[in-house]
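The chains referred to below are lettered A, B, ... by the order of the sequence lines, with proteins before strands, and numbering in each begins at 1.
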Amino acid sequence: MANLIQPKVLKGFRDFLPETEISRKEIQQTLEDTFKSFGMVPIDTPILEYTEVLLGKGSGETDKQIYRFDDHGGRDVAMRFDLTVPFARFMAAHINELYLPFKRYHISKVWRGENTQRGRYREFTQCDFDIVGVDTPEADFEILSVMHASLTALGIPEIHMNVSHRGIFNAFLEHLGISDDLAEILRIVDKLAKIGEDKVMEMLTELADADKASKILEYISAGGSFDEILLKLEQLSGGPSPGSERLKTVRTMMVDCGIDDLFVLNPSITRGLDYYTGIVYETFLDALPGIGSVCSGGRYNNLASIYSKTEMPGVGSSIGLDRLMAALEELGTVSAKKSMTDVLIINMDANLKGHYFSIASKLRSAGLNAEVFLDTKKFKNQFTFAERKAIPFAVICGEDEFKAGKITLKDLNARENYEMISVDEAVIKIKEISKAG
RNA sequence: GUGGAUAUAGUUCAAUCGGUAGAGCACCAGAUUGUGGUUCUGGAUGUUGCGGGUUCAAGUCCCGUUAUCCACCCCA
């Protein structure tokens, strides 16, 4: 009694109450439906992998953030920090049982031991979708298309997907004659939106001469329409390149399909992860840029090469469910349902216990979610329970109704009774009122 | 990981110079019944995040610790 254990959870880890979990599940369902509609199939992988498998192509940062330990058999293991690297391993392991191009989605938790902030946790859920086996504009376009469809299906307000291309940027740097400090330059360039042109210029001049620095700044801050910027990038990088041609084709496809509205070409987007080789993208909410990217990814043509000799070019994207939730919560656009129950059967007469459950069963057969209150308590109690759980209807059946083979339906929101009707009539009434509301 | 801010009832917030913790809302019981939004009566709100220290006395001052938020870093 004296030594109760504190019911605490670890920093960056969270419990989800029904209210939150219901909307999380709804969002996941919407995404899953979208992914399926593009012919994508679900997979799953273990949360624990050999450390060498996960760190094979990671950067130094991943090293620091990964949860890593020795298991009971003395194996050096680690928890997955994203879903892309395990997917590459998965493809290498199962390539002979699969077919190409392979399009999968994967919604699951990942772990990173970094410092927490709003929308940044140590345990969080990613919704990944990737296409492996083809290096074509069709595949690049399809990922962008799924992103567009997903975010539209979720009804995310005021959003822009920033698109860029590593290949063009590399061609540009090569044209400039820069081959050192590439990672450093990428990092500085990526900060443009956050720290501004002056600061970026200042930092770049520390790495390269002023002329080159201003060229880089000119490249990453190129303005105008998608096509205008693309033209400018080509000019700055010494003419058309495979990357620019690819991006041009993808752009044409977006226009042909009428989904070019949400995409902007933003050359300052580079992405920190070093396995990206082609198109890259990041998505920010216009209203909440501070919360970070809610959906990003790109093309990685060599990722599986550390596990297999088979060429497996891939392109994919990841939606950060928790970050998205944090944003939607702040914007007040999450539905805060407390339960899915449509009808509560009031438990008022101890002699009719069994009957109450048979009414519930009939309601369920009619497609409604129904539950019986699990104790014979007074009405006030049972109504309060219904209110707590936000249940919209109650079925009342006492001796009178039972004898007549009827029930009384109560609309708990309108506080209106429909007395002495049959269960079938109640079902119709409930569906009618629910539809209207 | 580094630096800064914050932590009081379920919740939103009080508590003077250091003097044993308070209000609204919410909650529970009853008046109150085969019908919960009103009213009335009564009740509990709590190891002041946690652990030490100073003091006759600590929510208040000091140290440590944990969590949250903010910035850096990085990213979803």
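- A:E218 pairs by the side chain to side chain contact (heavy atoms under 4.5 Å, CB included) definition with A:K215, A:K232, A:L236, not counting sequence neighbours.
- Side-chain N/O atoms of A:E282 and base N/O atoms of B:A76 include no donor-acceptor pair closer than 3.5 Å.
- For B:C72, the OP1/OP2 oxygens have no side-chain nitrogen or oxygen of A:K191 closer than 4.0 Å.
- Judged by distance alone, the side chain of A:R323 and the main-chain N or O of A:S293 form a donor-acceptor pair under 3.5 Å.
- At a cut-off of 3.5 angstrom, the base of B:C75 holds at least one donor-acceptor pair with the side chain of A:R323.
- Residue pairs meeting the ring-ring contact (aromatic ring centres under 6.0 Å, His included) criterion with at least one member in residues 377-399 of chain A, sequence neighbours excluded, are A:F373-A:F385, A:F379-A:F383.
- For the salt bridge (charged side-chain N to carboxylate O under 4.0 Å, His left out) condition, the pairs that include at least one residue of residues 134-152 of chain A, sequence neighbours left out, are A:K103-A:E142, A:D135-A:R246, A:D135-A:R299, A:D140-A:R246, A:D140-A:R299.
- Residues forming a salt bridge (charged side-chain N to carboxylate O under 4.0 Å, His left out) with A:K109 (at least two apart in sequence, or on another chain): A:E123.
- Here A:F379 does not count as stacked on B:G36, because the ring centres are not under 5.5 angstrom apart with planes under 30°.
- Legend: residues meeting salt bridge (charged side-chain N to carboxylate O under 4.0 Å, His left out) with A:E197, ordered by chain and number and at least two apart, are absent.
- Residue pairs that meet the ring-ring contact (aromatic ring centres under 6.0 Å, His included) test with at least one member in residues 395-431 of chain A, sequence neighbours left out, are A:H355-A:F402.
- The side-chain hydrogen bond (donor to acceptor under 3.5 Å, both in side chains) check on A:E425 picks up A:S422, with sequence neighbours excluded.
- For B:U33, the O4'-C1' to base torsion is within 90° of 0; the nucleotide is therefore syn.
- Listed by chain and number, the residues in a ring-ring contact (aromatic ring centres under 6.0 Å, His included) with A:H160 amount to none (sequence neighbours excluded).
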Distances under 3.5 Å only, N/O to N/O: pair up the protein atoms with those of nucleotides 68-71 of chain B.
from	atom 1	to	atom 2	distance (Å)
B:U68	OP1	A:G12	N	2.9
B:C70	OP1	A:R118	NE	3.2
B:C70	OP2	A:R118	N	2.7
B:A71	OP2	A:Q117	OE1	3.0

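- Consecutive pairing runs in RNA chain B reach the stem threshold at B:1-7 with B:66-72, B:10-13 with B:22-25, B:27-31 with B:39-43, B:49-53 with B:61-65, where a stem means at least three Watson-Crick or G-U wobble pairs with distances under 3.5 Å.
- Residues A:S164 and A:V280 meet the side-chain proximity criterion, which asks for heavy atoms closer than 4.5 Å.
- Using a 4.0 Å cutoff on non-hydrogen atoms, the parts of residues 395-409 of chain A near RNA chain B are A:I396, A:G398, A:E399, A:D400, A:E401, A:T408, ordered by number.
- In terms of phosphate contacts, A:S296 brings a side-chain nitrogen or oxygen within less than 4.0 Å of OP1 or OP2 of B:A76.
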Under-3.5 Å N/O pairs linking protein and nucleotides 37-44 of chain B:
from	atom 1	to	atom 2	distance (Å)
B:G37	O4'	A:R415	NH2	3.4
B:G37	N7	A:R415	NE	3.2
B:G37	O6	A:R415	NE	3.4

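- Counting only distance, with no hydrogens or angles, the side chain of A:N302 and the backbone of A:S305 share no donor-acceptor pair below 3.5 Å.
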